[in-house]
There are 2 protein chains.
Amino acid sequence: MSSSTRRRSTVHDVARVAGVSRGTVSRVLNGGYVSDSSRTAIEEAIREVGYVPNTAARNLVRQRTQAIAFIVHEPHALFLEDPNIGAIMLGTNETLSEADYQMVCLVVDSDRDTERVARYLNGGFVDGAVIVSARAQDPITKAVMRLDLPVAYVGHPPDVDAAWVGVDNHGAARAITSRLHETGRRRIGMIAAALDRDSGADRLAGFTEALGADFDPALVEPVPLYSYADGAAAMTRLLERAPDIDGVFAASDAVAAGAIWALREAGRRVPEDVGIVGFDNSTWALRTTPLLSTVDQPAEGLGAAAAASVLAQLRDDEPAARTGIMLDTPVVWRDSA
Amino acid sequence: MSSSTRRRSTVHDVARVAGVSRGTVSRVLNGGYVSDSSRTAIEEAIREVGYVPNTAARNLVRQRTQAIAFIVHEPHALFLEDPNIGAIMLGTNETLSEADYQMVCLVVDSDRDTERVARYLNGGFVDGAVIVSARAQDPITKAVMRLDLPVAYVGHPPDVDAAWVGVDNHGAARAITSRLHETGRRRIGMIAAALDRDSGADRLAGFTEALGADFDPALVEPVPLYSYADGAAAMTRLLERAPDIDGVFAASDAVAAGAIWALREAGRRVPEDVGIVGFDNSTWALRTTPLLSTVDQPAEGLGAAAAASVLAQLRDDEPAARTGIMLDTPVVWRDSA
């Protein structure tokens, strides 16, 4: 393919073919007034030379790109396993799409990615950002703050003065643990994941509060990730340490699915011998046997609310300083407890 | 926050503070020659006014954005369930990241998305694109062709004159079905998914060829999606229709996991009563009991190879017309057959 066929047509080409000035072409492209005969000539010339308006160039004048970043900061393995991330992203995409904004998803999987995404934000390619799984002091958060970019976090990052949407992890964990307790379970343990994040720490706090005097720290098994494999391994360890355990709150549905597998391997019946509840109400919850009782976390709703916050900040030309939105998390009681 | 604090510093501000012309500032930013004293003054001024170079503006001159689109065209439900998509994306991201390119993932979840993504490509925001699950005649493919954008498809879209990477679905399906046959299974069925795509149709063709005279069309159950739910429902129907079935090739690991659940519900032992094999070697394959025998599809490798193809086209300023790359798909034999 020759380089001449690769050259894009320009406004100059349109002006030449239409027999008008370049300024007249620009006025038509920007919706300004021109005579009907000039407009007709220009529209025909646009079709003839195959001109495609360079939106990036025009946005530069308007200082708007009509694009919003969706930034995911997750360890490699979890990105593939966690159904919430995809659901949050689809919620963001749908809300932005309705407002005719393009979502551009940027994945942070390495330190190199962190630096480059920060540069991309600096580069003026997006008008705002939704950020999932942020760390407070990383270069991306710093870039967002320095640029004063309209932004909304999913989850509540510490020490960041910005809008965020989330769920009451503490209250939801307390509610489902209380219900497990009320069904008569007396030796209730927890597989506590991701205690280095607010979501993980808050779920453990809610569990502890719900049990009150019945709380036994020996029945808490911490694991690094919200993953199936960590759930299976932790359940095996809990059974060895406390064979009389009769209830388990797993910190996510994936963790619960792994725990159910380990219980079955150990010959325990669910829910007859051990009642188990999860957190998320993701696709995992409908794949366990028996079906999983869990907390409904509105993942798509979180993505949609974060997108709506960024759009509102753009519309009002005003950042929503430190405004938090909490979405509801009803308990969904099925067959596993 | 007042609007004055939101205004970004410009080259003019830097020039004013440094006491030099705007052209001198531009020369420094673009790596041209200036005196040491001017360079020092400009660098100090950049720090003082907090100037951030507008990469979008500078790229406009260079006609390069240093960004590559990763376009996923999947039905909403499947995007959340299919672990391959995340793995392909991470493979693309890693290869682009090593070359200092930014991957921007664009999700196509509705017709509105299709039109807007096509406009985004027209807008000059990316230098090229990796496209997953393309449809030949959709507006995105048309936009890519019209813009002569360096592109690589994952999978082989019909009637598109462009680079692609994929696997030999036909050969891989034939290989794993043959092995199932060689282990002594005689009533072998298939849960055939997504027959409207080349991957689904090719897997059925490979299955049919492997069985030869032993092929029985009554043992093929077609389903729309590569999903757990479709696998479970199809296995139940197959067992009703052919209670003597003793082997199953499921068109994906998710389908196989659903089928294993249905077999267990029906009181059939895997692999003693029914041997079952899948396709993908995704995280699903390590969550089934027993562990799944399957075809290893190198999802991250596909994403990496597609990214490498786009980078090569950019480097050589030449599209790789209709060049196909096939990656290997070894059979991984575990415990389910």
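Numbered from 1 within each chain, the chains take letters A, B, ... in sequence-line order. Remember, predicted model here, so these are calculated numbers, not experimental data.
With a 4.5 Å cut-off on non-hydrogen atoms, Ser110(A) touches chain B through its side chain but not through its backbone. Only the side chain of Ala67(A) comes within contact range of chain B, with heavy atoms under 4.5 Å apart.
In this structure, Arg112(A) and Glu98(B) have side chains that are in contact, with non-hydrogen atoms separated by less than 4.5 Å. Arg119(B) places a side-chain heavy atom less than 4.5 Å from the side chain of Asp100(A). Proximity of Gln102(A) to Val104(B): side-chain heavy atoms (C-beta onward) are nowhere separated by under 4.5 Å. Counting heavy atoms from C-beta outward, Asp113(A) and Met103(B) have side chains that stay 4.5 Å or more apart.
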Applying side chain to side chain contact (heavy atoms under 4.5 Å, CB included) to Thr289(B) and Arg264(A), what does each step give before you reach the verdict?
CA-CA 11 Å; Thr289(B) 311; Arg264(A) 176 169 296 167; over 6 Å; no
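Among residues two or more places apart in sequence or in another chain, the ring-ring contact (aromatic ring centres under 6.0 Å, His included) test is passed with Tyr101(A) by none. With sequence neighbours left out, the side-chain contact (heavy atoms from CB on, under 4.5 Å) criterion links Ala304(B) to Thr95(B).
In this structure, Tyr120(B) OH and Thr65(A) OG1 are separated by 7.0 Å, a value rounded to the nearest 0.5 Å.
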